[in-house]
Every structure is written in C-alpha cells, then in structure tokens.
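Notes follow once the structure below has been shown.
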Protein chains: 2
Amino acid sequence: MGSQVTLAQVAERAGVSLATASRVVNGSERVVGARFRERVLAAAEELGYTANTFAQAVARGRSDVVGLVVPDIQDPYFSVIAAAAMAVVEPSGEMMLGTTLRRQEQELRYVSTMRARQARAVIMVGSRTTDNTHTRQLAEAIAEFVAGGGRAVVIGQDKLGADTVLPLNRAGAKDLALALVDQGHRSFGILAGPSTLLTAKDRVDGFIDGLARRGRRPSVILHSDFTRDGGYQAMSQLLDRRTTPGCVFAVNDVMAIGAMAAVRERGVKIAVAGFDDIPTLRDVAPSLTTVRLPLEDMGRMAASMAMDEPGERRRVIRVKGEVILRDSTTLVRNA
Amino acid sequence: MGSQVTLAQVAERAGVSLATASRVVNGSERVVGARFRERVLAAAEELGYTANTFAQAVARGRSDVVGLVVPDIQDPYFSVIAAAAMAVVEPSGEMMLGTTLRRQEQELRYVSTMRARQARAVIMVGSRTTDNTHTRQLAEAIAEFVAGGGRAVVIGQDKLGADTVLPLNRAGAKDLALALVDQGHRSFGILAGPSTLLTAKDRVDGFIDGLARRGRRPSVILHSDFTRDGGYQAMSQLLDRRTTPGCVFAVNDVMAIGAMAAVRERGVKIAVAGFDDIPTLRDVAPSLTTVRLPLEDMGRMAASMAMDEPGERRRVIRVKGEVILRDSTTLVRNA
DNA sequence: TTGTAAGCGTTATCAA
DNA sequence: TTGATAACGCTTACAA
C-alpha cells in the first residue's frame, strides 16, 4: 500500500531538501556538493528508492517512453523488428507496446495516447492501406504528436509525413520475378494478400512488372489474409482450379509457409516463393526462396531515429531487398 | 510544444470546474448532471482531449500499466505468449514491454521500476535459473511489489511466491521419451540447453526419467544456448563424435530447428524431437515431433490473473504438454 | 450536483 | 551550492 519509497523520504533521511535530493538522483551532475551527494545516494540505496518515472514525466512535461505500434507481435516480421528496436530503446528509454490486431482505428488511438502522455517517440510498423481517410487522419495525428515535441517514425510506406524506413517492396518483387523467370519458370500465380494493404499491393505490382519485362503475366491472382492461414487458404483455392501455375509468389514468407503446407498436403509439386526472409523460417525444408529484408537493421534504424534529436528535415531511409534463391523454387523435373 | 490539451482547458471551455470535468471524462458515472456532462464531452471532443494517463497514475496512486518481462521478444515462444497476453490486457490497460536479453539483473530492475510506477501488474515469462541468490532477490522484489498493491504473475517455475502458470515440463518430456521408445527408437542424445536454466533442466530430467522407465539412458547430453544457433552448434558437435544416437531430443523447438538444419547439412539421418510446438514452426518439413504447450492459453491465463482482483491466496495453474508425434521422428529404414 | 482546494511524486525557478 | 515553493495534469475529500 504505502510502501512506495518517495524522494521526500530519501531527502528526509539524508537531511537535505527535496530539491537537493532530486538534483543528485536525477538532475545534472556537478551542481551538488560531494558530501550531500553521497548522503543522498546512501539514503536512496538504503531505502531502495526507485524514481517514479510517471511523476517525472508529469513534472518535466516529457517522458522517455517510446510507443511501438505493430499489428501483431506474434507475427515474426514484427517481433524481429520489435526486438531490434527494443535493443536500441532499452538503455535510455522504456517501451510501451501497442498491437492493433490490424484494426486501423487502434493506430489513431495509440498515437493520441502517446501524445497525451508526451511520449518521446512513437514507432509505427503498421502497414499502410488504401484507406485514404484513415491515412489522412493518422497523418494529422502524427503531425500533432510531432508538433507536441515527439518524434514519429514509420516503417512501411512513406505516406504519413514522418521519418520513414522504407522497404523497396516493388523493386524487390520485381527482381524476384526476373530471377524466377531466369531460373526457368514459365507460369506464375500470385497469392496477393489483402487488396487494401499497400505493402502487399506494392509487392504484387513489382512482381507483375518483373514478369512483364520478360514478356509474361501471372495466370492467377488470389487475395487473402496476410497470414499463414491466408496463404494456406489461397493456395488451396488455387489448387482447386483446373490448371495451376508452376510457380507461386506469396507476398510474404508467412503466407508462403501456409501455401507450402497446402501444396504438401495435396502431394503436388509447385514452386513457392515468399518475401521478407523471416529468420525463424530460414531453416524450413525445402528452404524458401524469398526476398531478404534486413529486418533487424530496419528496427534498429527506426529506433535510432526515434531516439535521435529531431533533424532539420524529415528522413526517408530506403532499404532494398535481396533475392535469395533457395530450394523451394528449384526446378528438378520440369527441365 | 504547449500543444498538449489539458483537462483544465476542457473545463474552461465547457464553463465548469476542473473537478466536474474530471468526473465526466474519467470518474464515476451518475455524479454529473446531464447538461454539464454533455458540455464537457463536447468540449473534450472539440479540443481533441486525451487523458494523460501518467498524471492520472500519479494522482490516483495506481496505474493501469501492466509490465511484461520476457527474455527476448523475437523468440516465438515469448512472442506467442505476449500476443495472447496483450489481447487480454489491451481493453483496459496498457502494456509496457521489458526484455532482459537473458540477463538476470534486468528482471530485478524491471520489477522495481514497475513498483515505483505503481503498475497494476507485472507478468514475468523469464525462465528461472539455478542462481538462488538471484531468485531470492527477485522473490523479495516481487513480494514488495505485491505489498505495494500490485499483482505479479509468473510463467515458468513456481519459485517466486507469485501467482504462477506452470508448464509441466518434466511430465511432458517424460511422456515424449516413452512415446519415442515405443515408436522404436533405441539410442538417444539430448541437446540440453543451458545447464543453469530450470526449464531446460526439468525437461532433461523428465526425458531421462522416461527413458529409465523403459530401461534406457541417453548416450550423450550436450549443453548449449537455448536458441536456434545453440541447437545447431550442439548438434554439430554431436555429429562430430564417433558414434551418434538415432534420436535426439532438443529441449525446445527453436533448438530442434537448428539441430535439424545441422543434420540436413551433413546429409545424415537422425530423428529430432523438440518441445513447445511453436505455431510458426508447425509447417516445417519434416514436421517436428514435439510436446505441445498451449502457449496462447498460458499467456491468456497469466494476463487474466494479472487483471483480476487479487485472490485470497495465490494460484498455481498447471498446464500439461501433449506429445505430438510427427515426421521428424518417424522410423523408416531402421525398422 | 457542483466547486474549492489539498494532494500525488517530481522538477524547476528563484532567492538566499 | 542549497532550499523554499510554485508548477505539472489529474483526482478526490470536503464543503457548499
């Protein structure tokens, strides 16, 4: 109950004023005389004092909280980014986690609570959608947050006017398409994810573009959730068709894994490629052809921008994906 | 800078006192007259007011923050639990995430900051170790936290005197050993993880116990990190030996995946079993024999206890694992 | 039902 | 260098 040790208690025990105690425990360095300094430190130690960072935030008008907003922390794409961001934030800040469960209005809510709480920064890994109304509202909320002195960093599309880490989804998917055609694949399907999700859309567009450069086009494009189950379902649906392509591009690794499960269940032979190169999935067999994004770097870079002093103008860091050809698309018999 | 909308501003605009504004925006229901109520709500809406939960916490002497402490949010074991816990906490609380990177002293630090901040609850998924000094200190810190009015829930070993979700690691590993022997396996190795980690130790002990019931014992036990790379290294080391067992138990799935990668690289044929049944890995091929823990339930149960009113006495919920035999241990040629 | 005012644990201004 | 004391944004007796 009343067991919270307060700075006032520390001050009393050290025989100094509250102000002095505050200075030594938190404030600037040289201001307090060595004698008092030691006494305060000793008292704090004896009492087991830990600063109440909420009270500090109220008094200072700013906090060291960084809000991380992700659609789903269980998805390895986000948990890898989150872990890397944590490592950067941890030493000097605290991380508040928000998951939107892919509901857009939650993003708005988080940004405004973070603002009310004068959080130091907010990092949004939520993927942008085609919903312009929402995007505009979110951009406004972010602008307000920044106007209030906070830092905002977005990983994904560059639509929110904030500092951004921008994976080059189109280019990566295009390169993948080229590589697959050059590997000898001739007919293609796309498991395109949700039609409203820009990340998915960019990858689809890039892939189609790449195919076009080689004079080809996908024979089928199916939409589904951006999840393992989405990939499984879409692939099952694809396999129910009369003719099936020899090679299927799933717009992310998690979907690709689901798709491969469906393929395996049916005992058919279809090449599958993904996107992201999720570390946890690097050991699956057959190993997955994919486009590697430097997820850890992305998390680190976003967090670094969040912890930096705000620059003069906003930064957009582009990160490119690297095509990794592995066994899941190796042609064996169709040669 | 000063763009933070304050309750005082809302009150002024609505032409009511701060107290009244506070009552309608946050406080109890029926206390405020309908007229004033509406005016306050309108003012809050117009100004875009969002409560500063930190200030609320300071004023109330308690907050709705729940601290979640995990060794590594990238590890799917923890991210699955975290996601499930989030879903329970989210509606009425906020989640603060702490990762210890498997450094024990971090756990202590988190518990005391959570205490200083009068967090509503703390959930620790950190695994217990054989370090009794640390365990005692942590138990003390938790006791203080609870004495201060907070709720503490632990997922893992029942050593900290808090409400606990306790996976029956020994029993699960024992059942696994029995099942493997009954499947026809004859010689066994164990990738035992860190020797100081109780979870790993319990699983090793249970497995050995199970083997003993069938009159067998492991021919080799190797320690390593509790990670994918740990599994890879330990298995590589094992494969360097003159004789290798026909079946290897890795004390968690992530290690098992690393071990399978090592096996595959060498082109040898060794059965591998894991523990946890990580959802993300259910689709790997060959599918992994393992002991399924209901990770999502565990996260949900822990979070529910954290959000509950404290019960009269502490609760320990035991959850049992279920052996799932899959392809990774299927005997084909050795029959 | 409403308002006044005294807190909550800190920080920060301003004298001393 | 130190210490009163007024903030910070909010809640909550206690009065009115």
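Quick note on labels: first sequence line is chain A, next is B, and so on, each numbered from 1.
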For this session: Could you state the atom-to-atom distance from CG of B:Asn52 to C1' of D:dC8 in whole Å?
Result: 9 Å
For this session: Report yes or no: does B:Thr164 contribute a side-chain atom to a donor-acceptor pair with the main-chain N or O of B:Ala162 at less than 3.5 Å?
Result: yes
Exercise. OP1 or OP2 of D:dT11 sitting under 4.0 Å from any side-chain N/O of B:Ser22?
Worked result: yes
Exercise. Can you check the A:Arg37 CZ to D:dT2 C1' distance for me, whole Å?
Worked result: 14 Å
Exercise. With no hydrogens and no angle check, do the side chains of B:Arg109 and B:Gln106 hold a donor and an acceptor under 3.5 Å apart?
Worked result: yes
Exercise. To the nearest angstrom, how far is A:Glu12 atom CD from D:dG3 atom C1'?
Worked result: 15 Å
Seminar exercise, completed: Contacts of B:Val32 and B:Val58 projected onto DNA chain C by closest heavy atom; the upstream (5') one is B:Val32
Seminar exercise, completed: Among the nucleotides D:dT2, D:dG9, D:dT11, whichever has the atom closest to the side chain of B:Thr6 is D:dG9
Problem set entry | Expected output: side-chain A:Ser304 to main-chain A:Arg300 donor-acceptor under 3.5 Å | yes
Exercise. Using a cut-off of 4.0 Å on non-hydrogen atoms, how would the nucleic acid contact of A:Gly33 be classed: base, sugar-phosphate, or nothing?
Worked result: sugar-phosphate
Exercise. To the nearest Å, how far apart are B:Gln118 CD and D:dT11 P?
Worked result: 15 Å
For this session: Starting at atom CD of B:Gln56, determine the distance to atom C1' of D:dG9, rounded to an integer number of angstrom.
Result: 9 Å
Problem set entry | Nearest-nucleotide 5' precedence on DNA chain C, B:Arg35 against A:Tyr49 | B:Arg35
Seminar exercise, completed: When rounded to whole Å, the CZ to P distance for the pair A:Phe36 and D:dT2 reads 5 Å
Exercise. How about A:Glu105 and A:His134: does a side-chain donor come under 3.5 Å of a side-chain acceptor?
Worked result: no
Exercise. How far does the helix from C:dT1-D:dA16 to C:dA16-D:dT1 bend, going by the axes of its first and last five pairs, to the nearest 10°?
Worked result: 40°
Problem set entry | Whether B:Arg120 side chain and B:Met307 backbone form a donor-acceptor pair below 3.5 Å | yes
For this session: Using atom types as modelled and distance alone, determine if a side-chain donor or acceptor of A:Asp163 lies under 3.5 Å from a backbone N or O of A:Arg315.
Result: yes
Exercise. A:Phe54 near the nucleic acid: base, sugar-phosphate alone, or nothing, with a heavy-atom cut-off under 4.0 Å?
Worked result: nothing
Problem set entry | Backbone N/O of A:Leu18 and side chain of A:Ser22: donor-acceptor pair under 3.5 Å | no
For this session: Using chain A heavy atoms and a threshold of under 4.0 Å, write down where along DNA chain C the contacts begin and end, 5' to 3'.
Result: C:dG9 to C:dT13
Exercise. Rounded to the Å, how far apart are B:Leu18 CG and D:dA13 C1'?
Worked result: 15 Å
Exercise. Atom CG of B:Leu7 and atom P of D:dC10: how far apart are they, to the nearest Å?
Worked result: 5 Å
Exercise. Within a reach of under 6.0 Å around CD of B:Gln104, are more than 12 heavy atoms found that belong to other residues, nucleotides or ligands?
Worked result: yes
Exercise. At their closest point, which heavy atom of B:Leu166 faces which heavy atom of B:Asp158, and how far apart are they?
Worked result: CD1-N, 3.7 Å
